[in-house]
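To start, the structure under review is shown below, and the notes come after it.
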2 protein chains.
Amino acid sequence: MRILLVEDDPMVADGIREGLEKAGFAVDHTAAAEPAASALALTHYDLAIVDIGLPRMDGHELIRRLRRRGIKVPILILTARDGLDDRVTGLDLGADDYMVKPFHLPELLARLRALIRRSRSATASELSAGSLRLDLARRTASARGAPLDLTGREWDILQQLMLATPNVVNKQKMVESLSEWDNELTSNAVEIYISRLRNKLQGGDVEIRTIRGIGYRLDEPLSV
Amino acid sequence: MRILLVEDDPMVADGIREGLEKAGFAVDHTAAAEPAASALALTHYDLAIVDIGLPRMDGHELIRRLRRRGIKVPILILTARDGLDDRVTGLDLGADDYMVKPFHLPELLARLRALIRRSRSATASELSAGSLRLDLARRTASARGAPLDLTGREWDILQQLMLATPNVVNKQKMVESLSEWDNELTSNAVEIYISRLRNKLQGGDVEIRTIRGIGYRLDEPLSV
DNA sequence: CGTTCGCTGTCAGGCAAATGTAAGCGTCTC
DNA sequence: GAGACGCTTACATTTGCCTGACAGCGAACG
C-alpha cells in the first residue's frame, strides 16, 4: 500500500507520515505540486493525500491536471478549518474525499482504508471472500482460519475468482490465463481444477457456481 | 437521480428533502431502518443518506445488512458532531462518506454528486425496468428483490427486451440473434422462450406484450 | 542416475440441464 | 368462419459439465 503525501508544512507532513507508516503504509512525500505530478505519472500509488494550500501551483490545479491527464488515483484533500468553498470545489473537481485540519489520525486511517478498498485493484496484498483469505505476497490461503493446501493451478484459479467476485469469470479467460504463449489447453482442464477446488472448499461458506456456457462465479450464499 | 433518505427527525428530514429536490433529485423518505432496507431491495436508488442514530435497528446495523446482502448503493451517513467513533466504524462497515450535523447544504450536494459520479464509473453494468434488474457482470437477474434463475437463451431474450424497452423488438431480429451463422431456427423457438420467460416473470410488475406480426415489447403496466 | 511422488492435463463415460422440433390448440383479424 | 399467427406441452436431441482413471513430466531424494 503506497501513499503519496503532498504537504508543504514539514511538521504536519512528518506527523502524518509517522502515523501512516505505523499503520503499515509506505509513504512518499513531496512538498510541492510539480514533483507530485511527476511522481504520480511515474509510479503507482494506491492513494494521494493533497494539501489544498500549496505554494505556487495549488492543490486544485494539481487535481485538475491529474484528472485531465486521465490519472485516476484516489485523492484525499486536506483543507483548513474555514475553507468550506475549497472543499466543495475540490470534490467537484474530482477529489474523492477531504479532511479538515487538524484531524484525528484514526479517522484519517478509516477514510484511507475506505477509499482504497473502493478502488481496490489487483495490487491488493490480500483478498478475501466470506471466510476465505488469500495472501498474495506469501501465496498462502486459508478458509475459516484453517490453512488451505493448494497446488499452483488451483491457486491461480481461485485468485481469479476472488479478484472478480461477485462477478462471473469467463471460462475462456481462465483457459488463456493458464496457457503458455502458444500451447492452448482444453477447457476441460479448467473444469478439473474447479472440481478439485470445490472438494477443498467443502464445508466453507463460499461456493463456486457454474454459469453454463459462460464461466464460474464465487458466491457467498446469503446468510440472512 | 433517486435518493433514499433515512432520518427519524421530521424537521431535519424535511429540510434535507427540500434542498435535494431543489437541486433536482427525486427523494424518498423513511423514518426507520426496516422500511429502508426493503425499499433498497425493491427499487433502484442512486444513493442513500442514512442517519446513524435511528430508533430500534441503528444505522450501522442497516449498513451491515445491506452490504451483506450485496446491495452496493453508495451510502452517506449523517452523524452528530461528537460521534467520531460512529464515523470511523461507519466507514469501515462499508459506508462511502459521512457528514457531521449540522452541515451546509452546498457541501452535502457536492458530496452527493461526487459519490454518484464515482459509483457510475465503477459499475454501470446494470439494466433495469420496473423492479426487474439484470446485472450483466454478475450475470444475475432479480425481480422484486427475489433472484431469477434464467437459462442462457432466456437471458439473451430478456436482455434484448430490456435494452429496447419501451420499444418493440422485432421477432426476426431475435431469431437471428439466437441463430448461428447458417442454421436458421424456427420462429417458434423464440415463442417458446417468451413463454418460459413469462412464467418466470409471473407476479412481477413488468409484462411481455405480443405485437402481432412484429415482435415483442416489455411493458410496465402500472406506471404510465 | 534411478526412483518416487506430486502436479498437470487428456481421455472418455456418465449425467443433467438446456434446447428446439413437432403438433395441437387457442386467439386474433378480416 | 377461415386462415394466419401465436401459445404451450411433450419429447427427443444436443450441449456442456463433472469426475474417475491414467499417462507425462519434473523436482526431490537417495
Side-chain angles (χ1 to χ4, degrees), chain A residues 134 139-141 147-161 168-204 206-219, chain B residues 134 139-141 147-161 168-204 206-219:
Chain A
L134 284 198
R139 214 179 167 81
T140 56
L148 264 184
D149 196 23
L150 299 180
T151 71
R153 293 308 211 192
E154 288 165 359
W155 211 88
D156 290 346
I157 298 255
L158 185 55
Q159 182 183 359
Q160 285 204 47
L161 287 170
V168 172
V169 182
N170 188 299
K171 192 177 190 171
Q172 188 53 38
K173 285 257 162 73
M174 289 181 159
V175 171
E176 283 162 20
S177 83
L178 294 188
S179 309
E180 314 276 84
W181 11 299
D182 54 347
N183 72 323
E184 272 274 301
L185 295 186
T186 333
S187 72
N188 185 271
V190 173
E191 289 159 21
I192 295 258
Y193 289 113
I194 292 290
S195 170
R196 291 176 183 160
L197 264 178
R198 280 183 175 143
N199 276 328
K200 296 195 178 178
L201 296 180
Q202 284 271 334
V206 294
E207 184 187 356
I208 300 176
R209 285 267 177 84
T210 304
I211 316 297
R212 200 171 220 266
I214 308 287
Y216 298 89
R217 183 182 61 206
L218 198 65
D219 272 3
Chain B
L134 287 197
R139 212 181 177 84
T140 55
L148 269 182
D149 198 22
L150 299 179
T151 70
R153 293 304 210 201
E154 289 164 359
W155 175 277
D156 290 347
I157 298 241
L158 185 55
Q159 186 179 350
Q160 285 199 49
L161 287 170
V168 175
V169 181
N170 187 297
K171 193 190 214 164
Q172 188 52 37
K173 285 259 161 75
M174 289 180 160
V175 172
E176 283 162 19
S177 82
L178 295 188
S179 309
E180 315 274 81
W181 350 299
D182 54 347
N183 73 322
E184 274 273 300
L185 296 185
T186 337
S187 70
N188 183 269
V190 173
E191 288 158 20
I192 295 221
Y193 289 112
I194 292 290
S195 168
R196 291 179 183 157
L197 265 178
R198 280 182 175 144
N199 275 327
K200 296 193 178 178
L201 297 181
Q202 285 271 334
V206 293
E207 184 187 355
I208 300 176
R209 286 269 175 81
T210 305
I211 315 298
R212 215 181 154 77
I214 311 283
Y216 298 89
R217 182 183 60 203
L218 200 63
D219 270 5

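By convention in this document, chain letters (A, B, ...) are assigned in the order of the sequence lines, proteins followed by strands, and residues within each chain are numbered from 1.
Qualifying side chain to side chain donor-acceptor pair (under 3.5 Å) partners for B/Thr140, counting only residues two or more places apart in sequence or in other chains: none. Residues satisfying the salt bridge (charged side-chain N to carboxylate O under 4.0 Å, His left out) test with B/Lys200, not counting sequence neighbours, are B/Glu154. B/Arg198 meets the side chain to side chain donor-acceptor pair (under 3.5 Å) test with B/Thr210; sequence neighbours excluded. Partners of B/Asp156 by side chain to side chain donor-acceptor pair (under 3.5 Å), not counting sequence neighbours: none found. Residues passing the side chain to side chain donor-acceptor pair (under 3.5 Å) test with A/Arg217, sequence neighbours excluded: A/Asp219. Residues forming a side chain to side chain contact (heavy atoms under 4.5 Å, CB included) with B/Gln159 (at least two apart in sequence, or on another chain): B/Leu127, B/Leu134, B/Leu136, B/Trp155, B/Leu163.
Heavy atoms of other residues, nucleotides or ligands lying less than 6.0 angstrom from CG of B/Asp149 number 12 at most.
Between B/Val169 and B/Leu218, every side-chain heavy-atom pair lies at or beyond the 4.5 Å cut-off.
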For a quick test of your reading: what N or O donor-acceptor pairs under 3.5 Å do the side chains of residues 188-197 of chain A make, sequence neighbours left out?
from: A/Asn188; atom 1: ND2; to: A/Glu191; atom 2: OE1; distance (Å): 3.4
from: A/Glu191; atom 1: OE2; to: A/Lys171; atom 2: NZ; distance (Å): 2.8

* Structure fact -> Quick tally for nucleotides 21-30 of chain C: nucleotides whose base has a protein heavy atom under 4.0 Å get B, sugar-phosphate-only ones S, the rest -, giving BBB----B--

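B/Leu150 places its CG atom 13 Å from the C1' atom of C/dA18, with the value rounded to the nearest Å. Computed from coordinates, the B/Asp156 CG to C/dG20 P distance equals 10 Å when rounded to whole Å. We find that CZ of B/Arg153 is positioned 19 Å from P of C/dA17, with the value rounded to whole Å.
Put simply, A/Thr151 has a side-chain N or O that comes within less than 4.0 Å of OP1 or OP2 on C/dT8. At the phosphate of C/dA18, neither OP1 nor OP2 sits under 4.0 Å from any side-chain N or O atom of B/Tyr193.
Summarising the geometry of A/Val175 relative to A/Ser187, their closest heavy-atom pair is CG2-CA, 3.9 Å, with the distance given to 0.1 Å. Nearest heavy atoms, B/Ala141 versus B/Leu150: CB-CD1, 3.8 Å.
A nucleotide of DNA chain D counts as in contact with chain B when one of its atoms lies under 4.0 Å from a heavy atom; the first and last such, 5' to 3', are D/dA4 to D/dT9.
When the local axes at the two ends of the helix from C/dC1-D/dG30 to C/dC30-D/dG1 are compared, using 5 base pairs at each end, they differ in direction by 30° after rounding to 10°.
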